[in-house]
Amino acid sequence: MYGLVNKAIEELVTSSYGEDKWRAIKEKAGVDVEVFISNEGYSDEITYQLVGAASEVLCITVREVLIAFGEHWVLKTALHGYGAMMRSGGSSLKEFLINLPNLHTRVQMIYPALQPPRFECQDLTDSSMSLHYFTHRPGLTDFVVGLVQGLGKLYNTPVMITVAALKTEGADHDVFDIHWTLPTA
Ligand code: HEM
C-alpha cells in the first residue's frame with residue numbers, strides 16, 4: 001500500500017500514545033523504515049505487521065486498532081490532506097456513502113498504482129443501506145467499521161454498523177448493514 005497508509009498509523013500512534021510507543025511498535029514489527037513516503041509503494045505486509053505490533057504494544061485488540069485507525073483516517077488523514085475530495089463526496093452521510101464507490105477512482109488520479117477496495121450500496125432507505133465491500137486484502141473488515149463510524153462523526157450522524165456477511169465465513173465478500181438517525185445539531 002502507499003506510504004500514506006503507514007504514515008497515518010504513525011500519526012495515530014504518536015498523537016494518542018507518544019513517540020516512544022511508535023518506536024516500540026516499529027521495533028516489534030521488525031520495520032526499519034525511518035520515514036514513510038506518502039506516494040511510494042510499500043508491501044502490504046508492513047502495514048499488517050504494524051497493526052499487529054500496535055495491538056501488542058498498546059495492549060488493545062487488533063479490532064480496536066483497526067477501528068481507531070478507520071476513524072483517524074476519515075477525521076484526520078482524509079479530512080486534513082484531501083479535504084476537497086472528501087467534501088465532493090456529499091453533504092450527508094447517506095450522500096457520501098452513495099458516492100463512496102467513486103471516491104477511490106478520484107484518488108487514483110493522485111496515486112496511479114492504487115489497488116483500491118470496491119464498494120456497492122444496496123437496499124437504500126432514508127435511514128439505512130447495506131454496504132458491500134470487495135477487496136483482495138484479508139483482515140480489514142474492522143477498518144471499514146471504523147471508517148464508517150468516522151464518517152458518522154464527520155456528519156454528526158449517529159450510526160450503527162452490523163456485519164451481515166463475512167468473507168472469512170464463506171460469503172463472497174463482506175456486507176455491512178448500516179443504520180443512521182438524522183444529524184445532531
Ligand atoms: C480522500 C480520501 C481518501 C484517500 C486519499 C484514500 C486513499 C487510500 C489509499 C492510498 C489506500 C491504500 C491502497 C493502496 O495503496 O493500494 C486506501 C485503502 C483503503 N481505503 Fe481509502 N482513501 C480515502 C478515503 C476512504 C474512505 C472515506 C473510505 C471509506 C470506506 C476508504 C476505504 C478504504 C479501504 C477499506 C482501504 C483498504 C484497502 C482494501 O480494502 O483493499 N477510503 N485508500
Side-chain angles (χ1 to χ4, degrees), residues 1-12 33 36-52 54 62-63 65-122 124 129-157 159-168 171-178 180:
M1 290 197 247
Y2 274 105
L4 172 67
V5 174
N6 302 324
K7 252 176 111 82
I9 299 179
E10 175 175 357
E11 266 163 37
L12 168 64
V33 178
F36 288 108
I37 316 282
S38 289
N39 60 359
E40 210 163 88
Y42 296 84
S43 143
D44 284 4
E45 207 45 47
I46 291 187
T47 307
Y48 287 109
Q49 292 288 102
L50 288 172
V51 169
V62 167
R63 176 159 203 272
V65 174
L66 287 173
I67 290 178
F69 182 40
E71 289 202 10
H72 182 88
W73 184 262
V74 167
L75 296 169
K76 297 280 158 45
T77 317
L79 208 56
H80 293 168
Y82 307 87
M85 216 182 277
M86 287 296 283
R87 278 189 295 279
S88 72
S91 56
S92 67
L93 174 68
K94 179 181 172 181
E95 238 179 79
F96 193 95
L97 289 174
I98 291 171
N99 289 325
L100 187 56
N102 302 321
L103 179 68
H104 288 94
T105 309
R106 273 173 276 151
V107 173
Q108 210 144 15
M109 291 178 186
I110 318 174
Y111 297 104
L114 193 77
Q115 292 175 30
R118 188 162 68 77
F119 291 99
E120 275 177 24
C121 300
Q122 286 182 13
L124 196 62
M129 71 166 62
S130 63
L131 182 70
H132 293 246
Y133 163 53
F134 303 83
T135 177
H136 67 278
R137 298 186 175 97
L140 297 179
T141 308
D142 292 318
F143 179 49
V144 177
V145 171
L147 286 160
V148 177
Q149 282 182 191
L151 290 170
K153 288 184 180 170
L154 179 63
Y155 288 105
N156 291 318
T157 301
V159 66
M160 214 181 78
I161 307 137
T162 42
V163 176
L166 282 173
K167 200 170 174 182
T168 50
D172 175 70
H173 58 272
D174 291 352
V175 182
F176 305 88
D177 283 338
I178 303 180
W180 60 87

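Just so you know, these numbers come straight off a predicted model, no measurement behind them. Order of listing sets the numbers, starting from 1, for every ligand and every atom in it.
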Phe143 touching ligand 1 at heavy-atom level, < 4.0 angstrom = yes

Val107 contact mode with ligand 1 (heavy-atom cut-off under 4.0 Å) = side chain

For Phe69 against Val5, the heavy-atom pair lying closest together = CZ-O, 3.6 Å

Classify the ring geometry between His132 and Phe134 as parallel (under 30°), tilted (30 to 60°) or perpendicular (over 60°).
-> parallel

Using a 4.0 Å heavy-atom cut-off, say whether Phe96 meets ligand 1 through its side chain, its backbone, both or neither.
-> side chain

closest protein heavy atom to atom 12 (C) of ligand 1 is Val5 CG2, 3.6 Å

Do me a favour and list the nearest non-hydrogen protein atom to atom 38 (C) of ligand 1 with residue, atom name and distance?
-> Arg137 NH1, 3.2 Å

Closest non-hydrogen protein atom to atom 40 (O) of ligand 1, residue and atom name please, with distance?
-> Tyr133 OH, 2.5 Å

Given Phe134, Phe176, Trp73, Tyr2, which one has a non-hydrogen atom that is nearest to atom 6 (C) of ligand 1?
-> Trp73

Glu95 (side chain) donor-acceptor with Ser91 (main chain) under 3.5 angstrom | yes

Test: Glu71 and Lys153 ion pair at under 4.0 Å | yes

Heavy-atom closest pair (Asp177 atom, Ser130 atom, distance to 0.1 Å) is OD1-CB, 3.5 Å

For the side chain of Arg137 and the backbone of Pro117, is there at least one donor-acceptor N/O pair under 3.5 Å apart?
-> no

Which residue owns the protein heavy atom closest to atom 16 (O) of ligand 1, what's the atom, and how far is it?
-> Gln115 N, 2.8 Å

With under 30° as parallel and over 60° as perpendicular, where do the rings of His104 and Phe119 fit, or are they tilted in between?
-> parallel

For ligand 1, indicate whether the residue Met85 contacts it via side chain, backbone, both or neither (heavy-atom separation under 4.0 Å).
-> side chain

Which is it for Leu100 and ligand 1 at heavy atoms under 4.0 Å: side chain, backbone, both or neither?
-> side chain

Do the side chain of Tyr155 and the main chain of Lys94 share a donor and acceptor less than 3.5 angstrom apart?
-> no

For ligand 1, the portion of Leu103 having any non-hydrogen atom under 4.0 Å away | side chain

Protein heavy atom at shortest distance from atom 1 (C) of ligand 1 | Tyr82 CB, 3.6 Å

Sole candidate of Val62, Leu66, Val51, Val65 that passes side chain to side chain contact (heavy atoms under 4.5 Å, CB included) when paired with Asp142 = Leu66

Would you mind checking which non-hydrogen protein atom is closest to atom 39 (C) of ligand 1, with the distance to 0.1 Å?
-> Thr135 OG1, 3.3 Å

Ala78 heavy atoms within 4.0 Å reach ligand 1 at atoms 2 (C)

Thr77, Leu4, Leu114, Asn99: member with heavy atom nearest to atom 14 (C) of ligand 1 | Leu114

Considering only the protein, which heavy-atom contact is closest to atom 34 (C) of ligand 1, and what is its distance?
-> Pro117 CG, 3.4 Å

What part of His104, side chain, backbone, both or neither, has a heavy atom within less than 4.0 angstrom of ligand 1?
-> side chain

Contact (N/O only, under 3.5 Å) between His136 and ligand 1 | no

